[in-house]
*Asks:* 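Pasting a structure here, questions to come.
Quick note: residue numbers are just sequence positions, from 1. Both ligands and their constituent atoms are indexed starting at 1 by order of listing. Side chains are part of it too, since the values below use all heavy atoms of this structure and drop only hydrogens, waters and symmetry mates.
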Amino acid sequence: MSEEGKAFRAVDWRDGRVILLDQTRLPAEEVYLELSDWREVGAAIKTMQVRGAPAIGIAAAYGAALAALAADPAAEVARACEGLARARPTAVNLSWAVERMRALAEKTSAEELAPALLAEAGRIAAEQDAADRAIGELGAELLPDGCRVLTHCNAGGLATWSYGTALGVIKAAHARGKIAHVWVDETRPLLQGARLTAWELRREGVPMAVVCDNTAGHLMSRGEVDAVVTGADRIAANGDSANKIGTYTLAVLAAHQNLPLYIAAPLSTVDLDTADGSAIPIEERDPAEVTSCGGVDVAPPGAAARNFAFDVTPAGLISAIITERGVARPPYGPALRDQKEGVDT
Ligand code: MRU
């Protein structure tokens with residue numbers, strides 16, 4: 001692996017502190033935050049210094065472990081779990097990870113709480129890494145030789161822990177020599193594609209080009225895309241999948257062009273308690289993220305704006321859902337239930 005290609009961790013723990021690679025500063029600077037209070041972890045999730053569904057779950061798990069170092073650990077962990085779960089609404093990995101921490105805390109004595117919660121956070125991170133690698137191998141099988149992939153947002157190691165889901169598929173396929181090119185949607189308003197996915201793919205030496213979000217249809221119509229691969233923030237029981245705003249648009253385009261759209265996500269993103277996409281809460285963020293770009297205003301002062309962070313792609317537009325347990329095909333309900341129950345039991 002080249003110097004540039006050295007592994008990184010989006011979330012880590014060192015000497016009683018949560019370490020986060022500040023994703024708002026990438027790609028200009030690699031700055032690591034050292035956080036000693038769970039409230040700072042909650043704030044970092046809200047401001048997207050750490051982002052991506054699995055990564056915010058892991059960060060919150062370590063946040064709960066931080067709370068266990070307080071003078072009254074049981075009460076502080078309970079407060080932390082409540083506060084951290086509310087930091088962002090759409091990615092179910094956040095509440096899933098916090099629930100794991102809360103359930104363990106409830107059956108652990110105050111003396112044992114800190115080491116027990118730290119170990120559990122480490123397990124969640126390690127399980128995510130194993131899931132990423134399994135998803136990568138399964139997804140790489142689906143891509144043809146010489147594949148030109150289009151991806152949206154960042155579903156890489158920055159969004160999970162170190163390897164990535166959709167980018168894990170691309171990295172694994174690249175390692176097999178199957179990737180001819182990756183089209184990276186810039187992903188307005190916060191440019192996770194241009195800033196983060198391009199940063200990760202360059203470290204891995206994967207051939208790629210950043211394009212504006214409105215370029216996908218043009219590329220597909222010219223026959224320059226073979227597959228679309230994205231991550232997800234929450235997959236409902238019927239396979240409807242919430243992901244970064246613009247994914248639904250890509251799915252409609254891909255269906256029109258007869259191209260496969262694959263969703264790569266761990267089973268912790270599958271929410272069997274949510275029947276379909278209409279019940280997935282969609283985060284709406286500060287309109288200033290839309291009216292500005294890179295700190296520069298791009299709309300007249302006072303212009304109204306709406307900032308929906310996610311949309312829902314109906315299951316019918318998804319060619320396959322790749323999890324660590326296999327490649328689910330429609331109808332997704334039974335396949336996702338079997339995979340999830342296999343993990344949970
Ligand atoms: O708002 P973000 O940057 O947290 O949104 C992230 C995404 O939409 C990712 O595609 C998703 O979380 C999957 S990450 C493996």
*Asks:* Looking at Arg176 and Asp145, would you say the former's side chain and the latter's main chain have a donor-acceptor pair under 3.5 Å?
*Replies:*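 A pair under 3.5 Å: no.
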*Asks:* For Cys153, take its heavy atoms, then give the atoms of ligand 1 lying under 4.0 Å from any of them.
*Replies:*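 With Cys153 as reference, the close atoms of ligand 1 come out as 3 (O), 5 (O), 6 (C), 7 (C), 8 (O).
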*Asks:* I want to confirm something. Looking only at heavy atoms, which of Gln128, Lys244, Arg88, Arg234 is nearest to atom 4 (O) of ligand 1?
*Replies:*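 The nearest heavy atom belongs to Arg88.
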*Asks:* Does any N/O atom on Ala53 come nearer than 3.5 Å to any N/O atom on ligand 1?
*Replies:*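 The answer is yes, given that Ala53 and ligand 1 share an N or O pair closer than 3.5 Å.
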*Asks:* Atom 3 (O) of ligand 1: which of Glu283, Gln192, Gln23 has the nearest heavy atom?
*Replies:*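 The residue whose heavy atom sits nearest atom 3 (O) of ligand 1 is Gln192.
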*Asks:* Of the backbone atoms (N, CA, C, O) and the side-chain heavy atoms from C-beta on, which set of Leu190 has a member under 4.0 Å from an atom of ligand 1: side chain, backbone, both, or neither?
*Replies:*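 Neither; nothing of Leu190 gets under 4.0 Å from ligand 1.
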*Asks:* With a 3.5 Å cut-off and no angle check, do the side chains of Asp276 and Ser278 form a donor-acceptor pair?
*Replies:*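 Indeed, the side chains of Asp276 and Ser278 share at least one donor-acceptor pair under 3.5 Å.
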*Asks:* Within the 4.0 Å heavy-atom shell around Pro54, which atoms of ligand 1 are there?
*Replies:*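 Under 4.0 Å from Pro54, ligand 1 has these atoms: 14 (S), 15 (C).
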*Asks:* Tell me if a side-chain donor or acceptor on Glu40 pairs with a main-chain N or O of Ser36 at a distance below 3.5 Å.
*Replies:*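 A pair under 3.5 Å: yes.
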*Asks:* Record the part of Ala155 in heavy-atom contact with ligand 1 below 4.0 Å; permitted values are side chain, backbone, both and neither.
*Replies:*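 Ala155 to ligand 1: contacts from backbone and side chain alike.
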*Asks:* Is a side-chain donor or acceptor of His152 paired with a backbone partner of Gly231 at a separation under 3.5 angstrom?
*Replies:*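 Answer holds: no.
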*Asks:* I need the atoms of ligand 1 closer than 4.0 Å to a non-hydrogen atom of Met48, numbered in the order shown.
*Replies:*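 Those of ligand 1 that fall under 4.0 Å from Met48 are 1 (O), 2 (P), 3 (O).
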*Asks:* Using atom types as modelled and distance alone, determine if a side-chain donor or acceptor of Tyr262 lies under 3.5 Å from a backbone N or O of Ile318.
*Replies:*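 Judged by distance alone, no pair lies under 3.5 Å.
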*Asks:* Below the 3.5 angstrom mark, is there an N/O of Thr165, backbone or side chain, next to an N/O of ligand 1?
*Replies:*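 Not met; the criterion fails.
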*Asks:* Using a heavy-atom cut-off of under 4.0 Å, does the side chain or the backbone of His152 touch ligand 1, or both, or neither?
*Replies:*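 No part of His152 is near ligand 1 at this cut-off.
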*Asks:* Give the numbers and elements of all ligand 1 atoms closer than 4.0 Å to a heavy atom of Phe310.
*Replies:*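 In order of number, 1 (O), 5 (O), 8 (O).
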*Asks:* Please confirm whether the backbone N or O of Tyr248 pairs with a side-chain atom of Asp311, one donor and one acceptor, at under 3.5 Å?
*Replies:*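 Side chain of Asp311 to backbone of Tyr248, a donor-acceptor pair under 3.5 Å: yes, one is there.
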*Asks:* Under 3.5 Å, is there a donor-acceptor pair between the Thr160 and Asp132 side chains?
*Replies:*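 Note: Thr160 and Asp132 side chains meet the donor-acceptor criterion.
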*Asks:* What do we get for Ala232 next to ligand 1 when only non-hydrogen atoms under 4.0 Å count, side chain, backbone, both or neither?
*Replies:*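 It is the backbone that touches ligand 1; the side chain stays farther off.
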*Asks:* Return the residue, atom name and 0.1 Å-rounded distance of the protein heavy atom closest to atom 6 (C) of ligand 1.
*Replies:*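 Heavy-atom neighbour on the protein nearest atom 6 (C) of ligand 1: Arg51 NH2, 3.5 Å.
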*Asks:* Name the closest protein heavy atom to atom 7 (C) of ligand 1, giving the residue it belongs to and the distance to 0.1 Å.
*Replies:*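 Sorting protein heavy atoms by distance from atom 7 (C) of ligand 1 puts Asp233 OD1, 3.2 Å first.
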*Asks:* Purely on distance, is any nitrogen or oxygen of Ala159 under 3.5 Å from one on ligand 1?
*Replies:*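 N/O-N/O distance under 3.5 Å: no.
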*Asks:* Would Glu341 and Arg325 count as a salt bridge (charged side-chain N to carboxylate O under 4.0 Å, His left out) if you check the C-alpha gap in whole Å, the side-chain angles of each, and the deciding distance to 0.1 Å?
*Replies:* CA-CA 11 Å; Glu341 282 168 1; Arg325 285 238 146 177; over 6 Å; no
*Asks:* Quick check: does any side chain N or O of Arg234 sit under 3.5 Å from a backbone N or O of Thr90, one acting as donor and the other as acceptor?
*Replies:*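 Flag set: sc Arg234 to bb Thr90 pair under 3.5 Å.
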*Asks:* Under 4.0 Å from a heavy atom of Thr160: give me the atoms of ligand 1 that qualify, with their elements.
*Replies:*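 Result: 15 (C).
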*Asks:* Counting from 1, what ligand 1 atoms have a heavy atom of Asn243 closer than 4.0 Å?
*Replies:*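 What qualifies from ligand 1 is 7 (C), 8 (O), 9 (C), 10 (O), 11 (C).
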*Asks:* Do the numbers put Arg195 on top of the ring of Trp199, so that NZ or CZ is under 6.0 Å from the six-membered ring centre and no more than 45° off the axis?
*Replies:*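 Ring-cation test returns no.
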*Asks:* So, Thr165 side chain and Ala265 main chain: donor-acceptor pair closer than 3.5 Å or not?
*Replies:*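 No; zero donor-acceptor contacts below 3.5 Å.
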